[in-house]
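Take a look at the structure below.
Within every chain, numbering begins at 1; the chains are lettered A, B, ... in the order of the sequence lines, protein sequences first and strands thereafter. All values below were derived from every heavy atom in this structure, side-chain atoms included, with hydrogens, water molecules and symmetry-related copies excluded.
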4 protein chains.
Amino acid sequence: MSGTLNKVMLIGHLGDEVKMHYFEGGGCIGRFPLATNETYTSKQTNERVTNTEWHNIVVRNKAAEVCEKYLGKGDKVYIEGRIKTRKWQDESGNDRYSTEIQCTDFTFLTTKNDGGNASSNQQQSQQNQSSQSAKPRQEPITPKPEVDMPDDDLPF
Amino acid sequence: MSGTLNKVMLIGHLGDEVKMHYFEGGGCIGRFPLATNETYTSKQTNERVTNTEWHNIVVRNKAAEVCEKYLGKGDKVYIEGRIKTRKWQDESGNDRYSTEIQCTDFTFLTTKNDGGNASSNQQQSQQNQSSQSAKPRQEPITPKPEVDMPDDDLPF
Amino acid sequence: MSGTLNKVMLIGHLGDEVKMHYFEGGGCIGRFPLATNETYTSKQTNERVTNTEWHNIVVRNKAAEVCEKYLGKGDKVYIEGRIKTRKWQDESGNDRYSTEIQCTDFTFLTTKNDGGNASSNQQQSQQNQSSQSAKPRQEPITPKPEVDMPDDDLPF
Amino acid sequence: MSGTLNKVMLIGHLGDEVKMHYFEGGGCIGRFPLATNETYTSKQTNERVTNTEWHNIVVRNKAAEVCEKYLGKGDKVYIEGRIKTRKWQDESGNDRYSTEIQCTDFTFLTTKNDGGNASSNQQQSQQNQSSQSAKPRQEPITPKPEVDMPDDDLPF
DNA sequence: TTTT
DNA sequence: TTTT
């Protein structure tokens, strides 16, 4: 089956830290919100308007651990993935839907420690005092995520 | 702001006809569900599993009219667009979210009349009887959508 | 290094058959030309103009073998990959450059045997005589290419 | 015609300044080399290997002028565009081919003046002394390129 | 609700 | 050299 394509490409900023969930079998996932902005001039008011779109990013296993290690709130990242809408029931038993981006690839555009992130404050102030040669691990890294765990029926 | 990217690329099949909505100012939008499939072999059962993902596609103005004219249920199309999650209140006043793909570009991979669509029955049976030279309007068409209307607060 | 992205997405038609090359170590690659079209209205003459762009697609190993099996001249395919420009010397010792698309993923939009391809004549005429239920293997297939061979210094 | 797709998405660093060319009719284009990197572990030597790929980016008209204004050597940018291979004759009359990326959209990830660019030295040292509120024009900007000039037979 |  |  197939002959279809489901691809998402985002560049945005993390709205929060990467939140990890660990599973019994040894797998894990990381989740974080990612903001993208769209700016246009309103034809009604002739003013510049900015809309922020929030995306729920889900990363798995080793890739999740790498993201947690290097990405913090405010960091900028390129995310490639698939759209997945999960169906769940709220307390009243109504069907609810939640759309996520299941990350298949990523590239860090800034990282926690490289001073390009105004919100990773403690680390950044250390950063700012250090010389450039003292930043050995801050190059962007693009690991290939490996997926070794069930894809469905996540309990959250 | 900006320096961000919000891009979706889909190839899938229409699950229904394009539904048009016309506005007072002369603008319009078309909506249709688009299915993409993901197939993999379950590690638990060793069986082939297919997941279908449904995307809510929204097209505007002339582009919507072209889609309505050429695309029918079952047709295959390439859609490029942006993810947009709209917030609304249900009857109980709870916040609800609905994620759409706002189409910015598309390419028809099959069209209503070209016989590649088992469900566009009446037209297709005509199609099947006609010679190839009698299919003057079935070439794929890729117009550039024009957007001339408010982007927000759509009442549906 | 990295923090970079090199991604190409094409939908086009094969201009020729997939040409396979086998290596001693057991690896192989397949090559084929892919045509994309751009159509616009000339501002000078007000005529419709079509430009065809030819892309040199390179696929590796199992993916190459799947492409060779299912794709023929005229077939339509979605190709995802990376741009790579190889440098070589011509007979006069001048540096020459050749740009290829190294395929990392693909989705068949038509295949050799499915009748959507006017040029795969012999197979197609068989196709046209057979019933729909006699087409067991013509569904689009999207394998994940595996790469098990050197990436560089290909002798052609 | 069409039903095809020719799309390139790059994130990379400028290898040189944007070089502008102005035409009599008032149009212009800007050109610059963009580097992307691919890093992998060689199976032969087990060493990390980095390949740099150079892309010839071509931007037109207003978009070119915005790029020239904000982008310098070393800056990082997201480029979206089309692959185009131009054919030309060398001095010996041999056919030669040159592949370019015709830019249709872009997003600045760093700019000349924002300190994220080691090569824009003079401006950067000023930058480093100034307060954040003194950086009024350094937000990333994503204009929509407009194309108002012939697409072909460029004399370089 | 699509398609193979 | 493809396709419409």
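- A donor-acceptor distance shorter than 3.5 angstrom exists from the side chain of D:Thr104 to the backbone of D:Glu80, with no hydrogens or angles considered.
- The backbone N or O of C:Ile29 sits nowhere less than 3.5 Å from a side-chain atom of C:Lys19 that would complete a donor-acceptor pair.
- If you take CZ of B:Phe32 and P of E:dT2, they are 15 Å apart, rounded to a whole angstrom.
- Taking atom CG of residue B:Leu109 and atom P of nucleotide F:dT2, one finds them 20 Å apart after rounding to whole Å.
- Evaluation of the side chain to side chain donor-acceptor pair (under 3.5 Å) rule for D:Ser92 yields no partner, not counting sequence neighbours.
- The nearest whole Å value for the distance from the NZ atom in B:Lys19 to the P atom in E:dT1 is 12 Å.
- One can place CZ of C:Arg48 at 20 Å from P of F:dT3, the figure rounded to the nearest angstrom.
- Rounded to a whole Å, the CG atom of C:Asp75 is 13 Å from the P atom of F:dT2.
- In terms of polar N and O atoms assigned as donor or acceptor, the side chain of C:Thr52 comes within less than 3.5 Å of the base of F:dT2 in a complementary pairing.
- In this structure, the aromatic ring of B:Trp54 is not positioned over the six-membered ring of the base of E:dT2 within 5.5 Å between centres and 30° between planes.
- Between B:Phe108 atom CZ and E:dT2 atom P there is a gap of 20 Å when expressed in whole angstrom units.
- Following rounding to the nearest Å, C:Tyr78 (OH) and F:dT3 (P) show an atom-to-atom distance of 22 Å.
- Closest to the B:Pro33 side chain, of the nucleotides F:dT1, E:dT3, E:dT1, is E:dT1.
- Across F:dT2, F:dT1, E:dT2, the shortest atom-to-atom separation from the side chain of C:Asp16 is found for F:dT1.
- Of the options D:Lys87, D:Arg60, D:Arg82, D:Arg86, a salt bridge (Lys or Arg N to Asp or Glu O under 4.0 Å) to D:Glu100 is made by D:Arg86 and by none of the others.
- Atom CG in C:Leu10 sits about 13 Å away from atom C1' in F:dT2, given to the nearest Å.
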